[in-house]
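The block underneath contains the structure these notes are about, expressed in structure tokens.
Protein chains get the first letters and strands the later ones, always in sequence-line order, with residue 1 at the start of each.
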Protein chains: 2
Amino acid sequence: MTIEEIAKLAGVSTGTVDRVLHNRGRVSPVTRERVLAIIKEQNFKPNAFARNLKLNKEFRIGVLLPLLHSEYGYWNLIYQGIINAAKELSDLSVKIDVYEFDRQKGGSCFEAGRRMLKNPVDALILAPVCPDDAKLVLAAHPDIDCIFIDTSMPQPHRASSVTQNPYKAGYLAGRMMNLLSPNPGTYAVALTHRAAYNASERARGFKEFCARQEGMRTKTVELNFEGNWGKILEDLYVTTTDIQGVFVVNDSVHRVASHINLIGHRPKTTIIGFDLIVQNRKEMENGIIDCLISQRPEFQGYSAVYQLYRKGILNQQLEKETEIPIDIILPENLSSTESMDYIPRIRS
Amino acid sequence: MTIEEIAKLAGVSTGTVDRVLHNRGRVSPVTRERVLAIIKEQNFKPNAFARNLKLNKEFRIGVLLPLLHSEYGYWNLIYQGIINAAKELSDLSVKIDVYEFDRQKGGSCFEAGRRMLKNPVDALILAPVCPDDAKLVLAAHPDIDCIFIDTSMPQPHRASSVTQNPYKAGYLAGRMMNLLSPNPGTYAVALTHRAAYNASERARGFKEFCARQEGMRTKTVELNFEGNWGKILEDLYVTTTDIQGVFVVNDSVHRVASHINLIGHRPKTTIIGFDLIVQNRKEMENGIIDCLISQRPEFQGYSAVYQLYRKGILNQQLEKETEIPIDIILPENLSSTESMDYIPRIRS
DNA sequence: TCAATTTGCGTGCTCGTTAACACACTTCTA
DNA sequence: TAGAAGTGTGTTAACGAGCACGCAAATTGA
């Protein structure tokens with residue numbers, strides 16, 4: 001089926017069919033209806049190759065992420081997924097513009113959004129870790145599609161999200177903790193930085209699981225890596241003598257784990273944390289981390305790019321909300337998740 | 001960069017550049033080298049839209065799978081993944097032809113391959129559960145790319161694979177069994193049908209893990225669902241009084257689990273099996289199955305289609321071997337894997 | 001040596017869609 | 001009522017690559 005065949009069937013020219021297809025007016029209502037009926041009847045869809053050849057323009061996706069080299073590489077994994085998708089789609093005129101911001105500094109995200117205004121983009125991928133800034137960025141880029149990644153936020157109609165439920169993830173971590181270290185005692189919940197949404201929700205899920213179990217207590221500790229966090233950790237073992245395990249609510253678990261190992265408490269402490277960044281992989285291989293929960297950061301980035309591409313280039317629908325499965329990583333299945341988390345790669 | 005710009009730079013016509021690009025001869029060696037140098041220097045790649053518009057032909061992927069409605073739906077999950085990818089790619093002229101065969105009947109797979117010869121295909125997705133037949137099918141379809149799914153086999157150069165390591169999966173199942181049911185005793189390993197490759201490797205991995213643990217024994221039982229398998233299961237509990245858990249090496253675990261529940265042994269038996277087919281989801285929700293290992297069948301199918309599409313339409317490279325991660329599913333993360341296993345869907 | 005073939009290269013049409021343009025006809029507006 | 005503005009429709013030139021064809025010039029063969 002081509003536009004020309006549709007035109008013939010409707011007794012009009014291709015120009016008219018085109019005007020109907022793109023709602024460009026200048027068509028009488030009666031002709032319009034006739035053409036629409038035939039399009040529907042023949043289940044016509046414009047040829048994507050011809051369309052994009054004619055349009056002949058890049059599809060630019062703007063990406064706003066926290067500083068990639070901070071926070072032990074979690075954001076870098078997301079970035080890798082985005083880059084990989086972009087590489088696969090480079091033949092289909094998809095381009096990526098990445099803008100980094102400092103999530104600790106208010107306004108930094110907004111400022112990055114302003115930089116983006118200079119090279120206008122057709123769609124947006126946004127980690128709304130600073131919700132207020134994110135709202136402003138969205139306001140500054142009206143009418144383009146946006147996908148939230150890592151965290152969600154109240155969504156305008158044109159946005160959707162790719163996220164994991166952090167409460168469920170924490171709850172599952174509780175279950176794993178209980179499996180790996182079933183003796184009664186205390187589990188420490190280690191928070192870092194000020195509580196980000198994901199972090200606090202994970203802590204909440206974890207505690208809720210523990211609260212439902214007989215004889216399991218939890219104790220929250222705040223570890224500020226700019227401060228004397230080592231001391232706090234050591235004190236914890238002094239003040240609380242029945243520590244059975246430590247749950248770190250983010251990807252910095254490898255730092256906590258190696259310190260616990262250093263001060264000799266590793267043998268009696270089960271350690272659980274998040275995400276398959278290289279440092280965590282290494283510490284799990286070393287036997288210092290028992291279990292990791294993964295939120296598939298690379299897949300999140302990969303999936304976000306593909307969704308925007310399908311909407312922008314192929315005119316397909318956006319998923320409203322994509323829920324990322326909660327992966328359990330033990331030493332026994334670590335090797336099956338090597339390098340890219342689960343995305344087939346192309347060689348460059 | 002277009003062919004015309006390349007031509008201008010090389011001081012030749014587009015026809016000559018085209019002949020160089022497609023090795024169609026009729027170009028003097030010296031001109032050829034000059035053009036190639038410029039192509040490389042400019043990093044020129046032909047526009048995928050223009051190319052496919054001109055070629056204007058469907059890319060047909062032939063799919064050979066065991067009977068979809070047998071075996072409790074595992075193959076159906078693979079099928080769903082394939083269908084989903086095909087739906088997303090239908091705008092890019094990818095078409096799927098599915099041929100089913102009976103894996104229990106020798107020659108059935110080959111016969112399906114012969115049916116396929118009538119509507120020639122451009123690429124192949126093949127579950128080589130009958131390796132001899134698979135070899136013949138490949139021989140009958142020379143020169144086209146092929147991806148093995150579910151299981152691999154010795155590969156000709158033009159084939160690649162999307163599979164999970166079944167030994168590692170069984171080994172991990174052993175670990176989970178030991179976590180969920182740590183008391184010394186016997187674990188039953190339930191095989192069904194005659195040992196397929198994946199099944200026997202999973203059993204081997206599981207037993208190997210157990211052999212490395214103190215005080216854990218394993219006992220293999222063969223359950224033939226056409227025979228009196230219920231009786232065999234009941235006898236097992238009579239002859240072996242310390243059964244701690246049952247490991248079913250495939251997706252039929254829900255049948256075994258509900259029978260164990262029926263005969264009253266569920267409370268003291270940990271049950272582990274494979275794959276998120278609907279029946280297994282339900283029995284896990286009912287609390288009858290403790291743990292499932294998933295090999296992401298939907299992703300396998302999805303990924304196979306996408307890889308062939310990238311090779312066939314976009315001229316990108318095929319992955320040689322894609323290793324599927326080994327997923328651990330517990331009741332606590334079951335809901336995060338709902339419906340499609342991890343593939344974003346488009347509405348039809 | 002000259003006809004027949006081969007080699008090396010350029011030309012031009014085509015794929016389906018888009019969007020600018022042309023043009024006749026109608027409806028306003030002063 | 002003339003001119004302007006608006007409406008409904010058809011025509012056509014790209015977009016970039018592929019490929020058939022044409023045509024010299026070079027090479028072959030008897």
Side-chain angles (χ1 to χ4, degrees), chain A residues 1-39 42-59 89-95 122 312-316, chain B residues 1-39 42-59 89-95 122 312-316:
Chain A
M1 254 317 121
T2 73
I3 255 194
E4 199 167 337
E5 296 179 83
I6 297 291
K8 202 164 288 169
L9 285 174
V12 294
S13 73
T14 62
T16 303
V17 177
D18 185 65
R19 279 185 289 267
V20 171
L21 277 171
H22 299 90
N23 289 313
R24 289 207 252 100
R26 297 283 195 115
V27 182
S28 78
V30 58
T31 316
R32 191 183 135 79
E33 288 311 315
R34 183 153 37 96
V35 172
L36 280 177
I38 289 171
I39 285 172
Q42 302 287 331
N43 192 25
F44 167 79
K45 289 194 63 180
N47 181 306
F49 294 125
R51 175 181 162 75
N52 286 287
L53 170 60
K54 183 64 193 120
L55 293 180
N56 199 22
K57 68 169 180 110
E58 286 182 346
F59 183 70
L89 295 173
S90 66
D91 294 335
L92 302 169
S93 53
V94 172
K95 289 285 154 358
D122 304 300
I313 309 261
L314 302 180
N315 274 322
Q316 295 177 357
Chain B
M1 254 317 121
T2 74
I3 253 193
E4 199 168 335
E5 295 179 83
I6 297 291
K8 202 163 289 169
L9 284 173
V12 294
S13 74
T14 62
T16 304
V17 177
D18 185 66
R19 277 185 291 268
V20 171
L21 278 172
H22 298 90
N23 288 313
R24 292 207 245 98
R26 299 286 193 110
V27 180
S28 78
V30 59
T31 316
R32 192 184 132 80
E33 288 311 316
R34 183 154 36 96
V35 172
L36 280 178
I38 289 171
I39 285 173
Q42 303 286 331
N43 193 23
F44 167 78
K45 288 195 65 180
N47 181 305
F49 294 126
R51 176 181 160 76
N52 286 286
L53 169 61
K54 182 66 188 90
L55 294 179
N56 200 20
K57 68 171 179 109
E58 287 182 346
F59 184 70
L89 295 172
S90 66
D91 294 335
L92 302 169
S93 55
V94 172
K95 290 285 152 2
D122 304 300
I313 309 261
L314 302 181
N315 274 322
Q316 294 178 355

Next item on the list: Using the heavy-atom set of chain B and a strict 4.0 Å cut-off, write down the first and last nucleotide of DNA chain C that makes it in, 5' to 3'.
Entry: C:dT7 to C:dG16

Next item on the list: Starting at CG of B:Leu92, measure out to CG of B:Asn52 and round the result to the nearest 0.5 Å.
Entry: 8.0 Å

Item checked: Approximate separation, where rounding is to 0.5 Å, of B:Arg51 CZ and B:Leu21 CG -> 9.5 Å

Check: Can you tell me if A:Arg19 uses its side chain to pair, donor with acceptor, with the backbone of A:Arg24 under 3.5 Å?
Finding: no

Notebook entry, point to check: Any donor and acceptor pair, going by atom type alone, linking the side chain of B:Glu5 with main-chain N or O of B:Thr2 inside 3.5 Å?
Noted result: yes

Next item on the list: With rounding to the nearest 0.5 Å, note down the distance linking CG in A:Asn47 to OG in B:Ser93.
Entry: 7.5 Å

Next item on the list: Nearest whole angstrom, please: distance from the C1' of D:dG18 to the NZ of B:Lys45.
Entry: 17 Å

Check: Going 5' to 3' along nucleotides 7-16 of chain D, which nucleotides have protein heavy atoms under 4.0 Å from the base (write B), which only from the sugar-phosphate (write S), and which from neither (write -)?
Finding: BBBBBB-BBB

Notebook entry, point to check: For B:His22 and D:dC19, is the shortest distance between a side-chain N/O and OP1 or OP2 below 4.0 Å?
Noted result: no

Item checked: Atom pair distance, as rounded to whole Å: CG in B:Asn52 and P in D:dG18 -> 9 Å

Notebook entry, point to check: Which atom names give the shortest non-hydrogen contact between A:Arg34 and A:Gly11, and what distance separates them?
Noted result: NH1-N, 4.4 Å

Item checked: Contact summary for A:Ser90 and A:Lys95, nearest pair of heavy atoms -> O-NZ, 4.3 Å

Margin query: Rounded at 0.5 Å granularity, tell me how far CG in B:Asp122 sits from CD in B:Glu58.
Written below: 9.0 Å

Checklist line | Distance in angstrom units between B:Asn315 CG and D:dA17 P, rounded | finding: 13 Å

